[in-house]
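Down below is the structure, laid out as structure tokens.
Only heavy atoms go into these numbers, but all of them, side chains included; no hydrogens, no water, no symmetry mates. Both ligands and their constituent atoms are indexed starting at 1 by order of listing.
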Amino acid sequence: MISIGISCFYHDSSVCLVKDGKVLLAVEEERFSGIKHDSSFPDKSINWIIKEFKYSFEEIDEICFYENPLIKTHRIVSTCLSNFQIIDAFKFAVKGIEQYIKLKRKLRWLFSSAKIKFNSHHDSHIAYSYLTSQFQNAAVLSVDGVGEWETTVLAKAEGNDWEKLKSTKFPHSLGMFYSTFTAFLGFKPNEGEYKVMGLAPYGNPKTYIHKFRDIIYPSEKGIFKLNMKMFDYHKSDEVMFTSELSKHLGLLPRLPNEELKQEHKDLAASVQFIYEMYFFRLLKELHKQTKCDNLVLGGGCAYNGTANGKISKKTGFKNVWIPSAPSDSGSAIGACLISHYRGRNKIRLNNTNPYLGPQFSNEYIGGLLKYFNNKLTYKKLSDEEIIDLVSTEISNGKVVAWFEGRLELGARALGHRSIFADPKNPEMKNRINKIVKKREGFRPFAPMVKETKTSTYFEWDKEVPYMNQIVGVRKQFRDKLPAITHIDGSARIQTLKNDIETKRVYTLLDKLEEKNGFPIVLNTSFNVKDQTMIMDPQTAINTFLEIGLDTLVLENYVIRKK
Ligand SMILES: [Fe+2]
């Protein structure tokens, strides 16, 4: 049974290929198109996925779509009608139905013999998160902007199935709440939320916290409501908040290039504080209802690592699983896993591997490098030689771009398209921010650490394989690891196991421990500000030539500028 999963038309379009319940490939369309959070139909990803395993379009048995476009259109039209936006209701009804017909026609045309299955948005989130976990039972929270109607779903999973316990409906949404303030603070919604999270520790939540009593409030058990006088996202495609919000806060919305003042930092701190308050309220209710030790998180809000890092302290959950792409891109996988597993008495295959995208051979890279002979010097080395050389360079303060194996799925670089640097170097944060990443100076950098050594350096003793939990750096190491320690003493860790896909980087951490004293490396995604993560060697080389990186590793090639 060969299934293709598709997620598109909202944000983070993606495609995956699943064979007999095993996820073989997955990629976000933005990695091909270069458009951040690309929402278009993923033609490029589909073509790649078909070619990669030399399948023909006719061999695909089923197409699993991540949500139900007709129910989504119903929500959009109903919301317009309830706001007396009759013309908009008509416009969106026509647009939604047209898009649905076009989608079905296109899928039928591409995959002539495949069955087309539409799933619910939150079931796809839940399926991706739960069915890729190792748990046989779990409480599941899917917390998101919006699906068809639902914005948050609380569920209980057992075996290969789950039942919904409770949900909140649009427009009341924790994801939309966070995105609205992301827009208010001058960042791009659905993209800049992690900037708000990074800014929060610089502010004092007390400045604005009392104002939030009139913005969001608790309703029935665990659930919340937003004061819709302050928000406009349910009426408009372009504006997320009303002038009422600005008046109520006594603060003007920040323009994208405006200086970040203390009041903006204080607002970010309040937003994060309030988000956490309602997030933990939901989790406490979920724990009460399920009486389960295991928690699985899905939906876009599951990227909020600051909140996630406090789950075991603030709630009764002991074990937490958050996959690498909990936002809509992972839902393509979720939609396929529903078809293979939900309600079926099948043994679940291990689908935790996030390295599912394109890969490039040494032969391909060698051929490509010949075109850059006038600008680059390069040599092909063994894994052992590369690890020895790169660990020395990192220890000597060099910044190294590292490209190997299949591209990661999800927003974080997990060691296959990464920039590595010395976590001990106090200058490194500024250097990478200014020269390499060309991004805002307040944003922290993350450490990658050998899993067995996590609790030595961090106030944490569990695995965090996909950087979705922010934890404390042990006090005695905060000054020693300044490049990865945020202003509040926290770090967004990635714990690394010695697996097939991570063996080379794990060995690099071993060598760093030997040479540098710490089995830790500063790890940030290989891309520059406002660009998508690098997918292919050609873009890697072009970026290397443009920015202030010292060394580029492409598989077994070590490359320097002339
Ligand atoms: Fe979603």
Side-chain angles (χ1 to χ4, degrees), residues 5-16 26 28-30 36-42 64-76 79 96 99 103 118-132 140-155 162 164 166-180 182 188-194 233-234 237 240 275 278-279 282 296-305 307-308 321-338 409-412 466 468:
I6 297 177
S7 157
C8 63
F9 299 147
Y10 188 29
H11 52 81
D12 300 307
S13 291
S14 70
V15 180
C16 73
E28 284 116 338
E29 183 74 356
E30 66 156 38
K36 271 196 128 185
H37 304 286
D38 196 347
S39 63
S40 59
F41 185 82
C64 304
F65 198 73
Y66 85 122
E67 66 177 10
N68 188 318
L70 286 181
I71 304 178
K72 184 169 134 181
T73 302
H74 174 241
R75 185 251 303 162
I76 296 168
T79 309
Q99 196 178 53
L103 173 69
F118 292 96
N119 293 280
S120 101
H121 190 102
H122 283 278
D123 273 338
S124 297
H125 276 313
I126 292 170
Y128 171 58
S129 298
Y130 175 63
L131 296 174
T132 62
V140 190
L141 179 68
S142 175
V143 57
D144 212 6
V146 60
E148 289 89 359
W149 270 103
E150 286 160 322
T151 66
T152 313
V153 172
L154 289 75
W162 54 91
K164 196 192 323 176
K166 210 182 258 275
S167 68
T168 54
K169 290 201 167 57
F170 191 80
H172 305 286
S173 158
L174 266 189
M176 296 307 261
F177 165 85
Y178 211 98
S179 292
T180 300
T182 300
K188 215 171 166 189
N190 285 330
E191 190 179 313
E193 283 75 5
Y194 58 98
Y233 57 74
H234 56 309
D237 261 358
M240 296 200 75
Y275 169 78
Y278 283 92
F279 176 66
L282 282 164
V296 165
L297 281 185
C301 295
Y303 275 126
N304 195 311
N308 299 345
W321 172 254
I322 310 162
S324 73
S327 187
D328 288 1
S329 64
S331 294
I333 294 177
C336 285
L337 295 183
I338 288 174
L409 183 78
R412 313 284 177 230
Y466 310 130
N468 285 327

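The nearest N/O/S atom of Asp328 to the Fe ion (ligand 1) is OD1. Nearest N/O/S atom of His121 with respect to the Fe ion (ligand 1) is recorded as NE2. Of all N/O/S atoms in Asp144, OD2 sits nearest the Fe ion (ligand 1).
The Fe ion (ligand 1) lies under 2.8 Å from an N, O or S atom belonging to His125.
Side-chain atoms of Ser39 and His11 form no donor-acceptor pair, as typed in the model, at a separation below 3.5 Å. Checking Thr168 against Thr152 by side-chain atom types alone, a donor-acceptor pair falls below 3.5 Å. For the residue pair Glu193/Ser179, the side-chain donor-acceptor check at 3.5 Å is satisfied.
Ring geometry, His121 versus His125: the interplanar angle exceeds 60°, so the pair is classed perpendicular (tilted spans 30 to 60°).
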